[in-house]
There are 2 protein chains.
Amino acid sequence: MAKQKKAHCEADLRARILTQDIPPGSDLDEASLAEDYGISRTPLREVLHRLAGGGYVRLEENRGAKVESMDFATLRVFFQTAPLIYCSIARQAAENRSSREIAALKETQVQLSRVARAGDARQSGLLNHKFHEQIGEMARNPYLFAGLKRMLVDHTRLSQTFFDPKTNADETRIKKAIEQHDAMISAIEAQEAALATDLTLQHWDLSRDQLEKYVRPDPIPLDVISMKDHRNAI
Amino acid sequence: MAKQKKAHCEADLRARILTQDIPPGSDLDEASLAEDYGISRTPLREVLHRLAGGGYVRLEENRGAKVESMDFATLRVFFQTAPLIYCSIARQAAENRSSREIAALKETQVQLSRVARAGDARQSGLLNHKFHEQIGEMARNPYLFAGLKRMLVDHTRLSQTFFDPKTNADETRIKKAIEQHDAMISAIEAQEAALATDLTLQHWDLSRDQLEKYVRPDPIPLDVISMKDHRNAI
DNA sequence: CCTATACATTTTGTATACAAACGAGAAATT
DNA sequence: AATTTCTCGTTTGTATACAAAATGTATAGG
């Protein structure tokens, strides 16, 4: 029972950080969190240590835990490194996947496409996170997997807007991303490493285009006419 | 005072694991370790959690901490992934290094060459570890750095014999490795990224030859991105 | 002789009380 | 008025006692 509470605490904190329910830079107070989750401070501190190990929070001496921030420098490195890690992982996942893992991945994908269709942005982001983490496990490469997990923490937080469609174009993009997932599953299942990396790169391109808009949004139109044109163009 | 004891405990356990003074697969008993280091079990458990986060030990539910083992599968992946991570890190270290970090790196190198000449294999291994970790920090890439740190845990453990010369050829190899370090420092200081990666690859080759008793598969291609689409480069 | 089960021992997990460090604000000194 | 120092409340860090789980051992039954 108490074990479940601790596991729930850790999973819930992870989810809340990934969805930015607890935003980057937030202070985490041990006493109040322990009370919230109905456990004492000792196991809560162990949870925080584990979250720190996974790049979710930063522990400072005598100063408690803060949710890892995402400054501009981090973002730059993120864009720089993502294709390398994602593609290397995809290649090795295709080489080393087991059929059991493929089945689990397909199950995640089914759930993801369901919640995405239902418009549940929060669950979509979390299941998308799980999807890519499962591919990471398939690669059986603890070195790259360590980097991937940290990368996914930032990626999921950054792309919180991705699964929350505002326009028709957004919905198309979500649909496309989920189709890409299906293609990636097939390639990995068929152990076609080259295809898997290629599809992963395309998937990254889609995500990156969306993220760049979020990070560097379209400039405000200089005049009313061009804005009208833009609206009518769709 | 107590803070120092805890820090010492963590550093000492790290060193003992890296030097295989505590061999892979060992069980770590909380009570006896706590007594050995003169701290109570609570802070000791936090140390173990941190070591687990760094890939030094594995924590199993209700079953304590074991030093991470190095099975055959791990070894294979190690040889596969090392050049990719080391070279990516070296390139970015050259791009992002500060002069302060260069000075610190040089200091480590001075110490390393001193203890290596003195035949202190244990300290040589640990300082070599520190040297490469410092280069990792220079890259300012938390994603690759996470993988590098895990890689170095295994690399340092594997190469425990490296700095313990048995023959003249061994001594020549050590000398060569340390000369390579000097060249790497120069390249990184001069921000010559291409040269730094090239030297790093040579350095890896030397180390790999030494570890060659283990099966080594083909490395992951270094240019997974540039092969495809250079739009992805930033 | 082997297996299974109950019990005892050991080890890990949690709660709580206490100690130490930090930070904010008041008081004192220049 | 500005700066320093002191004090107190808050928060984090540690020790210890206790609970729960796992492991080892002995004994009963087959």
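Letters A, B, ... are given to chains in the order of the sequence lines, protein chains preceding strands, and every chain is numbered from 1.
Inspection of the B:D164 and B:T161 side chains reveals no N or O donor paired with an N or O acceptor under 3.5 Å. In summary, the side chains of A:R122 and A:T19 do present a donor paired with an acceptor at a separation below 3.5 Å, with no hydrogens or angles considered.
The CD1 atom of B:I185 sits 4.5 Å away from the CG atom of B:L105 when rounded to the nearest 0.5 Å. Atom CD of residue B:E10 and atom CG of residue B:L44 lie 10.0 Å apart, to the nearest 0.5 angstrom.
Between the CG atom of B:L44 and the P atom of C:dT11 there is a distance of 14 Å, given to the nearest Å. Whole-Å rounding puts the B:K66 NZ to D:dA22 C1' distance at 12 Å. In this structure, the CG atom of A:D27 is 13 Å from the C1' atom of C:dC22, given to the nearest Å. Atom CG in A:L33 sits about 15 Å away from atom P in C:dA15, given to the nearest Å.
Annotation: ring pair (Phe, Tyr, Trp, His ring centres under 6.0 Å) contacts involving residues 101-146 of chain A, sequence neighbours excluded, comprise A:F131-A:H181, A:H132-A:H181, A:H132-A:H203.
A:E46 meets the salt bridge (Lys or Arg N to Asp or Glu O under 4.0 Å) test with A:K6, B:R45; sequence neighbours excluded.
Regarding contacts with the backbone of C:dA15, a side-chain N or O of A:S40 is found under 4.0 angstrom from either OP1 or OP2.
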Distances for protein N or O near nucleotides 10-13 of chain D N or O, under 3.5 Å:
residue, atom, partner, partner atom, Å
D:dT12, OP2, A:D29, OD1, 3.1
D:dG13, OP1, A:N62, N, 3.0
D:dG13, OP2, A:R45, NH1, 2.5
D:dG13, OP2, A:R45, NH2, 3.2
D:dG13, N7, A:R41, NH2, 2.7
D:dG13, O6, A:R41, NH1, 3.0

